[in-house]
Novice: 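This structure is in structure tokens; I'll ask about it shortly.
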Amino acid sequence: MYEGLTKREIAIVKRHEAMTKRKMDAEDRRAEKRGFVVHGPMKLSEGLAALKEKRKKMVSMRLDPENIEGMKKRAKAEGIPYQTLINSVLHMFLNGELVRKAV
């Protein structure tokens with residue numbers, strides 16, 4: 001049930017599971033006021049597991065130094081981290097939002 005969760009996430013799930021129904025309902029109401037929707041311990045652990053699946057994965061790849069520098073300059077101009085820009089460009093390309101310019 002806790003596979004793939006961090007120690008902190010497991011502690012949160014276990015704390016929530018140990019709550020009485022009354023405390024759980026109060027906690028859920030507080031979470032909903034802050035914009036979170038949580039209903040019961042299984043929903044919380046499932047939500048945390050889903051978040052774990054969506055986390056980014058570290059990869060190592062070889063890129064031309066001028067491409068890296070170009071991305072860093074572009075990202076700085078946009079006011080975002082360069083790795084975020086690279087991820088965004090890859091995402092747009094894979095979704096057909098970024099296509100090669102006809103020469």
Novice: Got a sec, which pairs hit side chain to side chain donor-acceptor pair (under 3.5 Å) with one end in residues 62-78, sequence neighbours left out?
Specialist: none

Novice: Give the cluster check for Met61 versus Ile68: same hydrophobic cluster or not, with ILVMFWY residues linked at side-chain heavy-atom distances below 4.5 Å.
Specialist: yes

Novice: Which residue pairs pass the side chain to side chain donor-acceptor pair (under 3.5 Å) test when at least one of the two sits in residues 80-98, sequence neighbours left out?
Specialist: His91-Asn95

Novice: Side chains of Met71 and Val89: closer than 4.5 Å at any heavy-atom pair?
Specialist: yes

Novice: Once side chain to side chain contact (heavy atoms under 4.5 Å, CB included) is applied, do any residues pair with Leu94, and if so which ones, sequence neighbours excluded?
Specialist: none

